Amino acid sequence: MSSDQTYVIVGASLAGAKAAETLREEGFDGRVVLVGAEEERPYERPPLSKEYLRGEAGREKLYVHDEGFYAEHDIELQLGRTAVSLDTASCEVELDAGERMRYDRLLLTTGAEPRRLEIPGADLDGVFYLRSVQDSDALRERIDGGGAVVVVGAGWIGAEAAASARQRGLDVTVIEPASVPLERVLGAEIGAIYRDIHADHGVRMLLGTGVEAFEGSGAVERVRTSDGRPIDCDFVVVGVGVQPRTRLAAEAGLAISNGILVDARLRANAPGVFAAGDVANAQHPFYGEPIRVEHWANALNQAPAAARNMLGQTVAYDRLPYFFSDQYDVGMEYSGYSRGCDRVVVRGDPAAREFIAFWLFDDRVMAGMNVNVWDVTDPIKQLIQERVAVNDRDLADPDVPLDRLARATSGRAA
Ligand SMILES: Cc1cc2nc3c(=O)[nH]c(=O)nc-3n(C[C@H](O)[C@H](O)[C@H](O)COP(=O)(O)OP(=O)(O)OC[C@H]3O[C@@H](n4cnc5c(N)ncnc54)[C@H](O)[C@@H]3O)c2cc1C
């Protein structure tokens, strides 16, 4: 492998760090530069709304690698540096201090950032967003002060932040325009189970209404809902989704559509440029269309695939989307992609919070979510990936082992 080459990775979080690690694992002995806007070495974000936010886990649990890892593997970690422009004709990246770096291969792992609410009072003190470890530190300090919090948005981040605040004994109100939490992914029926879980833990769920304004003098004191209700609070957490950080790529003329468009080998439409993780809208061989996944496992696994392709291997990234969430004592894993499903079949007991939900189209499982039921991800993925024909009765019956279902009819063509 030619040691005079420079591979630059922009975005030093989970995806960037795993790509750098993979380049070395695969024997690349050229220059590897990992540029990150944050001051912190690469860390994982899932604990930021869970155990780290609650003060149950320390910062050392967050990091992707030990402190010495980057030097030991001759990875040039440039922290607190932002890539401000990219010239794909001359193959150069410009950093904020004006330095220009030539690359032979470039990987963009610039991730995603929270959508901001632009409503009256948005700039008041006490309005928190949650993406970085600093955000989590600031929010934890505020949670430590107790009181009443309004969580705006009942997606994954909002739901987890609400659960953590409630677990720390705060008075929690969630405001969400949809009819149930997590409706976009789970639909009304399964989302209702999460509504009940939060309500059972004493969270006030204001559903079917949005937020019109934050009010207060200097700091937020109340939230005005779109149906005119004033909700008093000491602070607010906003979790209304994220958007891919595409500015650098867009200004360089790369194809952008809901993220950086890349093919199944994670290649963008410029020579030697790749993208992975939250920012990448990657052609998915199984679905036959581009999919952008904003979850931990995608950053973890897609970036190594990108690294291998940077090295000239041929790796199509075809893993099914997968994510997890923990709220109170309810843990879940979700595999697949439920778009276009025509029904949901449930196995187990939602009231006991131990069940598996399957989203189906026709006689095929498109997605599955196991809640407080473990070690079933492999057969669920197999049912989806191998397009196994199933019937609702077997799927709903806990006495029919999932791996038997997956094995019995696997291999059927689509
Ligand atoms: C609070 C929280 C909880 C989560 N919980 C879960 C969970 O339970 N389960 C799950 O599956 N997923 C979870 N996720 C999602 C998961 O953390 C993300 O999918 C993952 O972080 C994506 O990694 P990434 O490396 O692609 O991007 P990011 O983590 O967004 O990192 C991108 C990095 O690039 C840097 N950057 C951007 N532009 C530039 C530039 N021009 N120059 C230099 N650096 C730049 C950014 O500063 C950032 O550090 C959670 C996310 C958050 C925020």
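Numbering of ligands and ligand atoms starts at 1, following listing order. Since we're looking at a predicted model, the values are computed, not measured.
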Who's the nearest protein heavy-atom neighbour of [atom], and how far?
atom	value
atom 15 (C) of ligand 1	Glu294 O, 3.7 Å
atom 9 (N) of ligand 1	Phe324 O, 2.9 Å
atom 42 (N) of ligand 1	Ala83 N, 2.9 Å
atom 16 (C) of ligand 1	Trp296 N, 3.8 Å
atom 30 (O) of ligand 1	Arg131 NH2, 2.7 Å
atom 27 (O) of ligand 1	Gly111 CA, 3.2 Å
atom 35 (C) of ligand 1	Gly11 CA, 3.8 Å
atom 14 (N) of ligand 1	Pro46 CG, 4.3 Å

**Report entry** Distance under 6.0 Å and angle within 45° of ring axis: Arg387 vs Phe286
**Finding:** yes
Query - Partners meeting side chain to side chain contact (heavy atoms under 4.5 Å, CB included) with Pro120 (sequence neighbours left out) - result: Ala213
Query raised in the report: Can you check whether Ala15 has an N/O within less than 3.5 Å of an N/O in ligand 1?
Result: yes
Query raised in the report: Quick check: does His295 get an N/O under 3.5 Å from an N/O on ligand 1?
Result: yes
Report summary line: For Asp104, the salt bridge (Lys or Arg N to Asp or Glu O under 4.0 Å) test, sequence neighbours excluded, returns Arg102
Query raised in the report: Of the listed options (Leu14, Thr110, Leu53, Val84), which comes nearest to atom 37 (C) of ligand 1 when hydrogens are ignored and any heavy atom counts?
Result: Thr110
Query - Of the listed options Gln78, Glu38, Arg45, closest to atom 51 (C) of ligand 1 (non-hydrogen atoms) - result: Arg45
Query raised in the report: Do Arg347 side-chain atoms and Leu395 backbone N/O form a donor-acceptor pair below 3.5 Å?
Result: yes
Requested in this report: Number the atoms of ligand 1 from 1 as they appear, then name those within less than 4.0 Å of a heavy atom of Arg245, with their elements.
Outcome: 32 (C), 37 (C), 38 (N), 46 (C), 48 (C)
